[in-house]
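Report on the structure given below.
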2 protein chains.
Amino acid sequence: MNKKSATIYDISHKLNVSVATVSRALNDHPRISEATKELVRKTAKEMNYKQNNLAKALKSGETKNVGIIVPYINTNFFSSVIRGIEEELSLLGYHVIICQSHEDVNIEKRHLNTLLNAQVDGIFMSVSKTTIDTEHIENILETTNTPIIFFDRKKDIAGISTVTIDDYRGGYMATEHLIKEGYKNICHFAGDLNLEIYQNRLNGYKQALLDNNFQIKEDNIIFTGSSIDTGIDAIKKLWDRKSIPDAIFSSSDFAALGACQELKKRKIKIPEEVAVIGFSNEPFTQFMELPMSSVDQTPVTMGKMAGRVFIESVKENGSGVSTEKKVVLAPQLYIRKSSKRK
Amino acid sequence: MNKKSATIYDISHKLNVSVATVSRALNDHPRISEATKELVRKTAKEMNYKQNNLAKALKSGETKNVGIIVPYINTNFFSSVIRGIEEELSLLGYHVIICQSHEDVNIEKRHLNTLLNAQVDGIFMSVSKTTIDTEHIENILETTNTPIIFFDRKKDIAGISTVTIDDYRGGYMATEHLIKEGYKNICHFAGDLNLEIYQNRLNGYKQALLDNNFQIKEDNIIFTGSSIDTGIDAIKKLWDRKSIPDAIFSSSDFAALGACQELKKRKIKIPEEVAVIGFSNEPFTQFMELPMSSVDQTPVTMGKMAGRVFIESVKENGSGVSTEKKVVLAPQLYIRKSSKRK
DNA sequence: TTGTAGGCGTTATCAA
DNA sequence: TTGATAACGCCTACAA
C-alpha cells in the first residue's frame with residue numbers, strides 16, 4: 001500500500017543505462033546525447049519521478065532551506081518581514097522555515113539548535129525580549145558556517161549582518177513633528193530597553209527635545225509594554241500627577257491605542273488637548289476613530305533586504321571572505337489626525 | 001577556514017569505538033553500557049557534535065518538516081492559522097515551511113512540487129482563488145503518501161482531511177442578527193464563489209432570509225473582493241439605484257470597511273440608517289471609529305486543529321488505514337456598534 | 001558519450 | 001555489550 005516514489009535507479013533499470021547517465025540527463029549535463037536526455041526525461045515523467053532533495057542536500061551540503069525565528073508570527077510587522085524574505089528567496093529555490101520564540105530565550109535557543117540540526121543554509125532572527133546574554137548565538141558563529149542575519153531586533157555581535165530601520169531617526173522625526181505642531185510637554189512611552197530598537201527610539205526622542213531647546217524630564221518617560229493595557233495604565237499614571245503632557249510619542253502602536261482609549265474615556269480631546277503618535281504603523285492605526293499618526297518600519301522591504309544580504313553572504317562564503325553588512329532603512333512618518341493641531 | 005561540524009565518525013575515531021556504538025549511545029540504546037554512553041555524550045559535547053537530520057531523514061524517510069501554502073502570509077487570518085500549526089507541531093519536533101501562492105494556481109503548483117521534493121511529511125494548504133481545477137492535488141494523493149490537509153479554503157477531494165469553520169452558519173448568524181435588530185432590506189457582499197467559503201456564507205445568508213420570511217433579491221447580492229476599494233464601489237453601485245438597503249452583511253471585513261468609509265462620506269449614519277457587519281474579525285474592526293460587528297473564524301484554533309489532524313493521519317499511515325477527517329469549527333459572532341440599532 | 005564506484009552522515013541488521 | 005557493513009538517493013571523479 002505504500003507508494004514509494006521512483007528513484008534514478010528505477011529509471012536506470014527500466015532504460016538499461018547507468019544511474020550516472022540518468023542523473024546527468026536529468027541535470028542537463030552537456031556531455032549527454034540529446035536523445036538519451038529526452039528519453040530519460042520522458043520516462044522520469046511517466047514514472048512520476050521526483051528528485052529527493054534530501055539526498056542531494058546530504059551530498060552538496062546545501063539544503064536550500066533557511067530558518068526564521070521571530071517572537072510571534074501573527075503580528076503585522078513580523079509576518080510582513082517574513083513575506084519579504086519568502087518572496088525574495090523563493091525565486092532562488094529556497095524554502096523558509098518559521099519558528100516562534102514566544103519572547104523566551106530558551107525556546108529561541110532550542111529553535112536555533114534544531115534549525116542547525118536541520119542543516120539550514122542560514123538563519124534570520126529578531127531576538128526575544130528575554131535575550132540578554134548572546135553566548136548561544138556567538139557560539140554558532142564560532143562553530144559553524146551558517147550565516148545569521150538579524151533584522152529589527154538585533155544585538156551587536158561581530159560577524160553578524162543586520163537589517164534594521166533607523167529607530168533613532170524614527171524617534172527623532174516623531175518628536176520633532178510634535179514640536180513643530182506646537183506641543184510643549186511631550187512624553188514618551190518607552191519599550192523594553194534591553195532591545196536596541198527601544199533604546200534608539202528613546203534617544204531620538206531625547207535628542208529632538210534637546211535640539212529644540214526643550215528639557216528632558218525623566219518623569220515624562222514612561223515604560224510601557226506593547227499592549228493596549230500598558231498604554232491605559234500609562235495614562236492613569238500620568239494623569240494622577242501634576243504635570244500633564246500635551247503630547248505622547250509611543251514606541252508602540254498598541255500602547256498608543258490604549259492611551260487613545262483612556263483619553264477618550266476621560267473626555268480629553270485628541271489632538272487638541274493631547275497629541276498621540278505611535279510606532280509601527282499597524283494597519284488599524286489608519287482606521288481608528290481618530291486616525292493615528294505612526295512611524296512605518298517598511299517591513300516587507302526589510303524582509304527583502306534581509307534576503308539579499310543572505311544571498312550575498314552565501315556567495316561570499318564560497319569565495320572565502322566574509323564581511324558583515326549593516327543595512328539601515330529609513331523609517332517613514334505617517335502623519336494623521338491624532339497629532340495635527342494646526 | 002571552513003568549519004565542518006563533527007560527525008559520529010569523528011567521535012568514534014577519537015574514542016576508538018565503532019560508529020554503531022556512538023550512534024547507539026547517542027540514541028540512548030538500552031544495550032549500551034552506561035559508562036560508554038556517558039563517555040560518548042561527553043566527547044560529543046566537547047567536539048560540539050550536532051546531529052545531521054538530513055542523513056537521518058534520508059534513512060528514516062521522515063524529515064519532520066511540514067509545508068504550508070497560503071495566498072499571503074501577512075494577513076491576520078493566515079498568519080494566525082500558521083501560528084496555531086507551528087505551536088501544535090513544534091512541540092513534536094516538526095518544523096514548518098511557509099510558501100505564498102499569491103493567489104496564483106501556477107505558483108501553488110510549483111510550491112507543491114518543491115515541497116514534495118523537499119520530502120515534507122505533510123502539506124497544509126488554503127487554495128488560491130485561481131485554483132479551479134484540482135488535478136495537481138489529486139495527483140499527489142495518488143502518487144505519494146504525503147498527507148494533505150486543507151484549512152479554510154478547501155476543495156472537495158476524497159482522501160483529503162479538512163479543517164474549516166462553518167461558514168454557512170456564520171452567514172446565517174450574521175444575517176439573523178441583522179433581522180432581529182429590525183433591519184428589513186439586507187444586502188450581501190459576496191466573495192469569489194469559486195471558493196466554498198464564500199458560497200457557504202452566501203447560502204447561510206439566503207437561508208436566514210427565507211427562514212424569516214424575507215424574500216431573496218438577487219439585486220441585493222453584490223460581488224466584491226476582499227479589499228477596501230471593492231466595498232466603496234459596492235456602496236456607489238447600490239446607492240445609484242432605487243432600492244437602497246438598510247443593512248450590509250459583507251463576506252469580507254475589508255469590503256465592509258470600505259462600505260463604512262463611503263457611507264460616512266455620504267453622511268449616512270451607521271447603524272441608524274444602515275447596519276454593517278463583516279467577516280473575519282480582523283483586529284482593526286474593534287478599533288474603528290464605529291466598532292464593527294464581525295464573524296470570528298478562530299484562526300489559531302483552526303491551525304491547532306489542523307496540526308492535530310495531521311498528527312493523527314501520520315499515526316494512521318503507520319497502521320495502514322487512513323480515513324479522512326472533516327473538522328468544522330464554530331464561528332463566533334462579535335456584535336459591536338455598527339449593527340446595533342436597538 | 002556513458003559506466004563504475006565512492007561518499008555525504010545516519011541507522012539498523014547481523015555477527016561476534 | 002560492541003563491531004562491521006549495507007542502505008537511504010543522489011552526485012561526481014575517474015575510467016572506459
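As the structure is a computational prediction, the values presented were derived from the model and not from experiment. So that the names make sense, note that chain A is the first sequence line, chain B the second, and so on, each numbered from 1.
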(message) Need two values: the first and the last nucleotide of DNA chain D, 5' to 3', having an atom under 4.0 Å from any heavy-atom of chain B.
(response)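 So the outermost contacting nucleotides come out as dT1(D) to dG9(D).
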Using a strict 4.0 Å threshold on nitrogen-to-oxygen distance, state whether [X] and [Y] make a salt bridge.
X: K129(A); Y: E108(A); value: no
X: R308(A); Y: E312(A); value: no
X: R153(A); Y: E103(A); value: yes

(request) Using the test side-chain contact (heavy atoms from CB on, under 4.5 Å), find all partners of T298(A) that sit at least two apart in sequence or belong to another chain. (result)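 By the side-chain contact (heavy atoms from CB on, under 4.5 Å) rule, T298(A) matches I165(A), D296(A), T301(A), L329(A), Q332(A).
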(message) Among V96(A), V70(A), I69(A), L89(A), which residue satisfies the side-chain contact (heavy atoms from CB on, under 4.5 Å) criterion with F124(A)?
(response) L89(A)
(request) Determine which pairs satisfy ring pair (Phe, Tyr, Trp, His ring centres under 6.0 Å) with at least one residue from residues 80-122 of chain B, sequence neighbours left out, and list them in order. (result)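 Only Y72(B)-H102(B), Y94(B)-F310(B) qualify under ring pair (Phe, Tyr, Trp, His ring centres under 6.0 Å).
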(request) Give the B/S/- string for nucleotides 8-13 of chain C, one per nucleotide from 5' to 3', where a protein heavy atom under 4.0 Å of the base yields B, of only the sugar-phosphate yields S, and otherwise -. (result) BBBBBB
(request) Report which part of the nucleic acid S60(B) touches: base, sugar-phosphate, or nothing (heavy-atom distance under 4.0 Å, all strands). (result) nothing
Tabulate below the donor-acceptor pairs under 3.5 Å that side-chain atoms of residues 22-29 of chain A make, not counting sequence neighbours, or state none.
from	atom 1	to	atom 2	distance (Å)
N27(A)	ND2	S23(A)	O	2.9
D28(A)	OD1	K37(A)	NZ	3.0
H29(A)	ND1	R31(A)	N	3.1

(message) Once side-chain hydrogen bond (donor to acceptor under 3.5 Å, both in side chains) is applied, what residue pairs with a partner in residues 51-65 of chain A remain, sequence neighbours excluded?
(response)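 Sorted pair list: T63(A)-D121(A).
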(message) Taking only side-chain N and O atoms of S18(A), does any of them lie within less than 4.0 angstrom of OP1 or OP2 on dG3(C)?
(response)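 S18(A) to dG3(C) OP1/OP2: side-chain N or O found under 4.0 Å.
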(request) Take atom NE2 of H29(B) and atom P of dC14(C), then tell me their distance rounded to the nearest Å. (result) 13 Å
